[in-house]
J.: 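Take this structure first; my questions come after.
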Amino acid sequence: MAAPRYPTREEIAAGAEPITAVPRSPLLTLMTSGAGHILDKACVYCADFSFISWEASRLRGIPYQPSLLLTTTGRKSGRPRTVVLPYVRDGARYIVVGSNAGRAHNPQWVENARVNSACRIRVKKRDSAALASIPEGDARDALIDIVAHTRPHIHNYDAHAKRHGRRLELVVLTPEASTEARQ
């Protein structure tokens with residue numbers, strides 16, 4: 001199966017249609033089930049490897065995207081909620097994308113981070129407290145360009161989100177040690 005060719009930002013701005021299908025495979029379908037998400041979290045926790053990220057990267061024809069565990073506080077329940085997310089490194093910060101495969105609504109973890117910026121991350125088998133922020137305007141555009149270097153399909157997801165009347169959220173995770181070092 002050939003990797004899909006995603007339109008660039010310029011092609012989308014010129015009127016190109018975004019690709020509607022997210023690549024699927026039997027392994028990705030299995031891993032994105034309830035039990036698959038539990039297994040993927042355990043793999044990232046113990047081995048710093050996400051089968052979901054690996055398979056999604058393979059299907060898109062891009063290099064494996066390393067993943068982290070993000071734990072936010074549920075805005076309604078007050079309980080910890082942990083998700084596996086591919087990330088892009090930007091200095092000491094981690095950029096994660098609230099794509100939700102371009103669906104009509106943000107993933108729940110984005111809304112949790114918007115309400116309470118205090119979170120925990122686990123990257124490369126190391127846990128740390130972090131602060132989540134959702135950039136706006138030019139800062140957001142600059143981060144999309146950083147993400148696009150390793151995840152060219154970001155513009156495709158951004159176009160899908162716009163079709164649904166929402167903005168593709170980027171969330172910047174800054175480990176507390178980094179915030180302390182700047183003060």
Side-chain angles (χ1 to χ4, degrees), residues 1-4 6 18-89 93-132 134 147 150-154 156-158 160-161 163-164 166-173 175:
M1 174 168 119
Y6 294 97
I19 296 172
T20 57
V22 175
R24 300 298 296 176
S25 73
L27 177 61
L28 194 58
T29 300
L30 176 67
M31 288 304 296
T32 55
S33 69
H37 281 292
I38 293 168
L39 178 61
D40 203 45
K41 284 179 199 175
C43 288
V44 173
Y45 187 86
C46 295
D48 192 40
F49 184 81
S50 166
F51 283 100
I52 293 173
S53 183
W54 173 77
E55 181 67 354
S57 296
R58 186 186 71 78
L59 292 169
R60 289 184 179 103
I62 62 175
Y64 170 74
Q65 299 296 289
S67 296
L68 56 76
L69 291 174
L70 170 64
T71 302
T72 58
T73 301
R75 66 191 182 286
K76 294 178 184 175
S77 69
R79 294 183 181 156
R81 303 292 184 195
T82 302
V83 293
V84 174
L85 298 167
Y87 67 87
V88 173
R89 192 82 191 258
R93 308 179 310 170
Y94 301 92
I95 305 166
V96 292
V97 180
S99 66
N100 211 10
R103 292 186 184 107
H105 53 84
N106 286 326
Q108 295 301 313
W109 64 265
V110 169
E111 299 308 325
N112 292 343
R114 188 184 316 278
V115 170
N116 183 356
S117 64
C119 59
R120 296 210 53 86
I121 57 174
R122 182 174 177 89
V123 183
K124 297 184 179 183
K125 299 182 186 179
R126 290 196 164 146
D127 293 309
S128 65
L131 292 175
I134 301 174
V147 172
T150 55
R151 298 173 71 187
H153 57 283
I154 187 82
N156 192 65
Y157 279 164
D158 197 25
H160 273 289
R163 282 181 159 181
H164 293 297
R166 78 170 180 100
R167 184 178 78 161
L168 183 71
E169 299 291 8
L170 301 180
V171 178
V172 177
L173 304 170

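Because only heavy atoms are used, hydrogens play no part in the values below, and waters and symmetry mates are left out as well, while side chains stay in.
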J.: Quick one: closest heavy-atom pair of Ser67 and Val84, and the distance?
T.: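 Smallest heavy-atom distance, with atoms named: CB-CG1, 3.8 Å.
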J.: Is any side-chain heavy atom of His37 less than 4.5 Å from a side-chain heavy atom of Thr32?
T.: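 Result yes, sub-4.5 Å side-chain heavy-atom pair found.
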J.: Roughly how far, to the nearest 0.5 Å, is the CG atom of Leu173 from the CZ atom of Arg89?
T.: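 If we round to the nearest 0.5 Å, Arg89:CZ and Leu173:CG are 11.5 Å apart.
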J.: Quick one: CD1 on Ile52 to CG on Leu85, what's the gap to the nearest 0.5 Å?
T.: 10.5 Å
J.: Between Val96 and Pro86, what is the shortest heavy-atom contact and its length?
T.: CG1-O, 3.6 Å
J.: Is there a side-chain contact between Val115 and Glu111 (heavy atoms, below 4.5 Å)?
T.: no
J.: Which of parallel (below 30°), tilted (30 to 60°) and perpendicular (above 60°) describes Tyr87 and Tyr94?
T.: perpendicular
J.: So if I apply the ring pair (Phe, Tyr, Trp, His ring centres under 6.0 Å) rule between Tyr64 and each of Phe51, Phe49, Trp54, which one comes out positive?
T.: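 Only one of Phe51, Phe49, Trp54 forms a ring pair (Phe, Tyr, Trp, His ring centres under 6.0 Å) with Tyr64, namely Phe49.
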J.: Indicate the atoms forming the closest heavy-atom contact of Ala132 with Val171, along with that distance.
T.: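 Scanning both residues completely, I find the closest heavy atoms to be CB-CG1, 3.8 Å.
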J.: When you compare the side chain of Thr82 with that of Arg122, does any pair of heavy atoms fall below 4.5 Å?
T.: no
J.: Using 0.5 Å steps for rounding, measure from the CG atom of Asn100 to the CD atom of Glu169.
T.: 11.5 Å
J.: Would you say the side chain of Val88 lies within less than 4.5 Å of the side chain of Val97, judging by non-hydrogen atoms?
T.: no
J.: Measure the shortest side-chain to side-chain distance between Gln108 and Arg75 over non-hydrogen atoms and say whether it is less than 4.5 angstrom.
T.: yes
J.: Can you tell if the side chain of Pro26 reaches within under 4.5 Å of the side chain of Leu30, non-hydrogen atoms only?
T.: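 Contact flag for Pro26/Leu30 side chains = no.
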J.: Once rounded to the nearest 0.5 Å, what's the spacing between atom OG of Ser117 and atom CG of Asn112?
T.: 12.0 Å
J.: Are Gln65 and Arg151 side-chain neighbours, meaning at least one heavy-atom pair lies under 4.5 Å?
T.: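 Yes; the side chains approach each other to less than 4.5 Å.
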J.: For residues Thr71 and Cys119, report the shortest heavy-atom separation together with the two atoms involved.
T.: O-CB, 3.2 Å
J.: Could you grab the distance from atom NZ of Lys124 to atom CG of Leu68, nearest 0.5 Å is fine?
T.: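 The CG atom of Leu68 is 11.0 Å from NZ of Lys124, to the nearest 0.5 Å.
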J.: Can you name the closest pair of heavy atoms from Ala161 and Arg167 and give their distance?
T.: CB-C, 4.2 Å
J.: Where is the tightest heavy-atom contact between Val110 and Gly98, given as atom of each residue plus distance?
T.: CG2-CA, 3.8 Å
J.: Give, for atom CG of Asp127 and atom CZ of Arg120, the distance between the pair rounded to the nearest 0.5 Å.
T.: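 Result: 6.0 Å between the selected atoms.
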